[in-house]
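Just so it is clear: chains get the letters A, B, ... in the order the sequence lines come, proteins before strands, and each one is counted from 1. Computation of the quantities below employed the complete heavy-atom set of this structure, encompassing side-chain atoms and omitting hydrogens, waters and symmetry-equivalent molecules.
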Amino acid sequence: MKPPPFDYHVPATVDEAVALRTADSDAVVLAGGQSLVPLLNMRLARPSALIDLRCVGGLSYVRAGEGGVAVGAMTRQRELERSAEAFEACPILREALELVGHPPIRNRGTVGGSIAHADPAAELPAVLCVLGGRVGATGPRGTREIAADDFFLYPFTTSLEPDEVLTEVFFPKAPSGSGYAALELTRRHGDFALAGVCAVVSNGSARLCFTGVGGRPVLVDSDEPDAWQAAIDPSADATGSADYRRQLVAVLGRRALELARARSAQ
Amino acid sequence: MTRVRVEVNGTAVEREVEPRLLLSDFLRHDLGLTGTHVGCEHGVCGACTVLLDGASARSCLMLAVQCDGLSVTTVEGLARNGELHPVQAAFREAHALQCGFCTPGFVMAVTALLEERRGEKLSDDEVREALAGNLCRCTGYQNIVRAVQIAAGSEG
């Protein structure tokens, strides 16, 4: 078998999941499994147990309201991508989600899973940061909200405590009349991006969040390319050098601003 | 061991499995449904694509126990009464395969695509984008795209 052995728990409530997390700090939460199962298959992850949230009720929903879109942690990415009300409130969500893997991945992958996994090259964390969103987490001390900017710490590391479970992701609406864009460059469609950007412009101000060029989503409140370059910390890997990623940030940032501004003018 | 109850190609199946058993291995080894092919086993190649409650999914990126209560369709479940499914027939007509290793994954992904976009006209670019998660190593994708268009026409 590909994955290493682990215990398997299927809690029925968030509280049960929290109790399992509290009892075993080596246990990990299984949501859609589109990032975790490859890590298990390659035996890069060897958790003592999986806590599968599939039977926890009430964690799959898309609720668009005045302030934005509240999304249950176990909502499939594809459901959010297709949601008309989410598109109306936060159109950048659909544009970014279409860049996430491939349809079969998004059919299984969850919104909460992608956020909690905190891959610095992933799209959804950047959307959450650029919109100034937040997550809801439940632990033994109760439920709390964590702002996106305080949530993503380092690669694959968040401020979620080892005994907490992420339950909701909230994407605020951008101000009315604002424009948006989500762009990235990949070797092949659906691959991990070499670099990407989510941009929101409103009333002359610009906010960009870059992916793949730092240990976490890199948020910059500036339309100045020099400010972007000062904020990022790209590294080299088999797909591209650090210098190439710096150039991509300049190009993608400019294109995203142009597209976002054109949309805001409409 | 954990009990899993799934419907596979219309038949109810109940088994005791190790939680770490992948759905792909459950289908192939436990149920003998070797039409689902296993390529990369980390979600890149798409050869193991099946339908879960009608939606496409990578069977190598799922544990069998995660499918408890769901309905799984594999390539073996497409043909009806000895008649090829329209997508299978279109692949044959367009010569959309050479060695055939990737074919079951493509056929399942195309089946999901055409079900989702039933009656719509798809551009070749849309088809290519929808199938970007399936790799064919024999040759290009020209005939695969043609097969999709044939199947879309025959179903539309």
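Residues of residues 47-55 of chain B having a heavy atom under 4.5 Å from any heavy atom of chain A, listed by number: B:Leu52, B:Ala55. Among the residues in residues 23-45 of chain B, those with a non-hydrogen atom closer than 4.5 angstrom to a non-hydrogen atom of chain A are B:Glu41, B:His42, B:Gly43. Proximity to chain B among residues 46-59 of chain A is limited to A:Leu50, A:Asp52, A:Arg54, judged by heavy-atom separations below 4.5 angstrom.
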*asked:* Applying side chain to side chain donor-acceptor pair (under 3.5 Å) to A:Arg21 and A:Thr138, what does each step give before you reach the verdict?
replied: CA-CA 11 Å; A:Arg21 289 270 272 170; A:Thr138 301; over 6 Å; no
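When heavy atoms are compared at a cutoff of 4.5 Å, B:Ala130 approaches chain A solely by way of its backbone atoms N, CA, C and O. In this structure, no portion of A:Leu36 lies under 4.5 Å from any heavy atom of chain B. Contacts between B:Leu135 and chain A at a heavy-atom distance below 4.5 Å are absent for every atom of the residue. Of the atoms belonging to B:Leu21, heavy atoms from both backbone and side chain fall under 4.5 Å from chain A. For B:Gln66, the parts lying under 4.5 angstrom from a heavy atom of chain A are both the backbone and the side chain. There is no contact between A:Leu39 and chain B, counting heavy-atom distances below 4.5 Å. For a residue to count as touching a neighbouring chain, one of its non-hydrogen atoms must lie under 4.5 Å from one of that chain's; by this rule A:Arg82 touches chain B with the side chain only. If you measure heavy-atom distances from B:Asn134 to chain A, you find no contacts under 4.5 Å at all.
Rounding to the nearest 0.5 Å gives a distance of 11.0 Å between CG of A:Leu124 and OG1 of A:Thr211.
What you find for A:Asn41 and A:Pro3 is that their closest heavy atoms are OD1-CG, 3.6 Å. Between A:Gln77 and A:Thr110, the closest heavy-atom pair is NE2-O, 2.9 Å.
Look at A:Arg216 and A:Asp119 and you find no salt bridge, because none of the NZ, NE, NH1 or NH2 atoms lies under 4.0 Å from a carboxylate O.
Among A:Pro5, A:Gly101, A:Pro4, A:Ser35, the residue making the largest number of heavy-atom pairs under 4.5 Å with chain B is A:Pro5.
Within a 6.0 Å sphere centred on CZ of A:Phe156, heavy atoms belonging to other residues, nucleotides or ligands number more than 12.
Note on residues 93-113 of chain A: pairs passing salt bridge (Lys or Arg N to Asp or Glu O under 4.0 Å), not counting sequence neighbours, are A:Glu81-A:Arg106, A:Glu95-A:Arg263.
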